[in-house]
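Ligands are counted one by one from 1 in listed order, and the atoms in each one are counted from 1 as well. We use all heavy atoms of the structure for the numbers below, so side chains are in, but hydrogens, waters and symmetry mates are not.
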Amino acid sequence: MRVLIAGGDGYLGWPTAMYLSRRGHEVAVLDNFAKRRWEMERNVEPLIPICTLHDRVKAWREVSGRTMELFVADLRNYGVVKEALETFRPEAIVHYGEQPSAPYSMIDHNRAVFTQVNNLSGTLNLLWAMRECAPDCHLVKLGTMGEYGTPNIDIEEGFIEIEHKGRRDTLPFPKQPGSFYHLSKVHDSHNILFACRIWKLRSTDLNQGVVYGIDTDETLLDPRLATSFHYDEVFGTALNRFCVQAVAGLPLTVYGRGGQRRGFLNIRDTLRCVELSIVHPPQAGEYRVFNQFTETFNILELAELVKKQAAQLGMDVRIQHLENPRVEAEEHYYNPRHQKLIELGLVPHLLSDVLLTSMLERVREHAHRIKQDIILPHVTWDRRRAADARTPRART
Ligand code: USQ
């Protein structure tokens, strides 16, 4: 199948491109290198050095013998999006090409507006370009479990059957996102659902949980194929950050009480979920939602797992409860369904001692590159605390 990966230079986009290419799909990557600019803006960098996308594509050809077309293009520019679709004629588009960080979207007015304009206009341009030049193409869109928030009822996969005043209907599941970033994904979902309903496009919205992991089978083939692994307060996610903190000898930064429960998945499962979605496309006009995670943990449980495993490797790790920089429930009910990808054949890589050990060991190989001053959180959701947010305070 001909698959275009938007955001093909990113943490998930690049490994997805290689994974699909290796399985015989004809893959093109599209990126505007925005993430690399945001890294410069924040003065952060991935733990493991990465090559330019041009060099990655070249290295992939040398290692695998397979070519990948490369589009340097900004999704906000409708002309170049259309041109990419006309030239490559994708049968599926995997859309990772968005600003992916909740803290980034909460830094200030500019970043909040940027996140929503960037994410919404990119997705809208893709939808319009599909309508114009590739109406049969399948849009596989990376959404987030954070669209639902943490309601006090079970979370369904996209839709809920409800009875109201004696009548029944199946409607989009209520959304209660926790940041302007998560909100951008909600707005995207509404736009995609609309485009499927009105124009008979087809799409799978992958409401993904928090991804962890450094390596995939393909990144391990050659150091030039590594993916960008972040651990800073803005682009790093919980478990990835905890592994780096453990290796650096810093306390694990649990925000607040740590009872925040989330869905997690290994980076290898992200790739498999995308593949399963592509090879089992929806009907024309169908908009479907898969909840893409494999297990749930609360943040304190995760920190304790990392602490225990790090101790096996001789690291003395402490857990520190920081005053929560976010506004979120720290104890709550959380029971989201995640059956649809399992039904399609997903066999999860669950978090295990072996897996955690291999992550810690891999981080340790690059310990000399850890920048300690980019780890503590400074971005805060609460405007009353924003003024003195430069100094994070310990809570206990
Ligand atoms: N957290 C800590 N300590 C840390 C970092 C995070 O306690 O050092 C807590 C946060 O307060 C939050 C939870 O861990 O309760 C998850 O935070 P995160 O930074 O790991 O993930 P999040 O901001 O939710 O966003 C990430 C990705 C995003 C994706 C989302 C899926 O950056 O692109 O959409 O995970 S989900 O969380 O299911 O919405």
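The backbone of Gln208, and not its side chain, has at least one atom closer than 4.0 Å to an atom of ligand 1 (non-hydrogen atoms only; backbone = N, CA, C, O). Heavy atoms of Ile299 found under 4.0 angstrom from ligand 1 belong exclusively to the side chain. Of all the heavy atoms of Ala102, the ones lying under 4.0 Å from any atom of ligand 1 belong exclusively to the side chain.
Numbered from 1 in the order shown, with element, the atoms of ligand 1 that lie under 4.0 Å from a heavy atom of Gly146 read 36 (S), 38 (O), 39 (O). Each of the following atoms of ligand 1 lies closer than 4.0 Å to a heavy atom of Arg262: 15 (O), 37 (O).
By the criterion of side-chain heavy atoms lying less than 4.5 angstrom apart, applied directly or through intervening Ile, Leu, Val, Met, Phe, Trp or Tyr residues, Leu142 is grouped together with Val3 in one hydrophobic cluster.
Between the Ser101 side chain and the Val234 main chain, a donor and an acceptor come within less than 3.5 Å of each other. The backbone N or O of Leu225 sits nowhere less than 3.5 Å from a side-chain atom of Trp60 that would complete a donor-acceptor pair. Between the side chain of Asn125 and the backbone N or O of Leu75, at least one donor-acceptor pair lies under 3.5 Å.
Distance from atom 38 (O) of ligand 1 to its nearest protein heavy atom, with residue and atom name: Met145 CB, 3.3 Å. When hydrogens are left out, the protein atom nearest atom 20 (O) of ligand 1 is Ala238 N, 2.7 Å; that is the closest non-hydrogen contact. With respect to atom 12 (C) of ligand 1, the closest heavy atom belonging to the protein is Glu328 OE1, 3.5 Å. Nearest protein heavy-atom contact of atom 32 (O) of ligand 1 is Pro100 O, 3.3 Å. For atom 31 (C) of ligand 1, the closest non-hydrogen atom of the protein is Thr144 OG1, 3.3 Å. The protein atom (non-hydrogen) at minimum distance from atom 1 (N) of ligand 1 is Tyr255 CD1, 3.5 Å. Looking only at heavy atoms of the protein, atom 27 (C) of ligand 1 is closest to Thr237 CG2, 3.8 Å. Protein heavy atom at the shortest distance from atom 35 (O) of ligand 1 is Val210 CG2, 3.6 Å.
Within 6.0 Å of CG on Asp316 lie no more than 12 heavy atoms contributed by other residues, nucleotides or ligands.
Nearest to atom 24 (O) of ligand 1 by heavy atom, out of Glu330, Lys185, His182, is His182. For atom 19 (O) of ligand 1, the nearest non-hydrogen atom from the set Glu233, Arg241, Arg326 comes from Arg326. Between the choices Tyr11, Tyr96, Tyr181, the shortest heavy-atom distance to atom 28 (C) of ligand 1 belongs to Tyr181.
Two rings, from Tyr148 and Phe173, have their centers less than 6.0 Å apart.
Side-chain atoms of Tyr212 and Leu302, non-hydrogen and from C-beta on, never get closer than 4.5 Å to each other. Residues Leu360 and Thr357 form no side-chain contact, since every pair of their non-hydrogen atoms from C-beta on lies 4.5 Å or further apart. For the pair Phe290 and Thr204, the minimum side-chain heavy-atom distance is below 4.5 Å.
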Q) Would Gln99 and Ser105 satisfy side chain to side chain donor-acceptor pair (under 3.5 Å), going step by step from the backbone distance to the final call? A) CA-CA 8 Å; Gln99 194 296 98; Ser105 75; 5.1 Å; no
Q: Apply the test side chain to side chain donor-acceptor pair (under 3.5 Å) to residues Tyr78 and Glu132: give CA-CA distance (whole Å), side-chain angles for both, the deciding distance (0.1 Å), then the verdict.
A: CA-CA 11 Å; Tyr78 184 56; Glu132 294 300 302; 5.0 Å; no
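In this structure, Ser101 falls outside the shell of residues with a heavy atom less than 4.0 angstrom from ligand 1.
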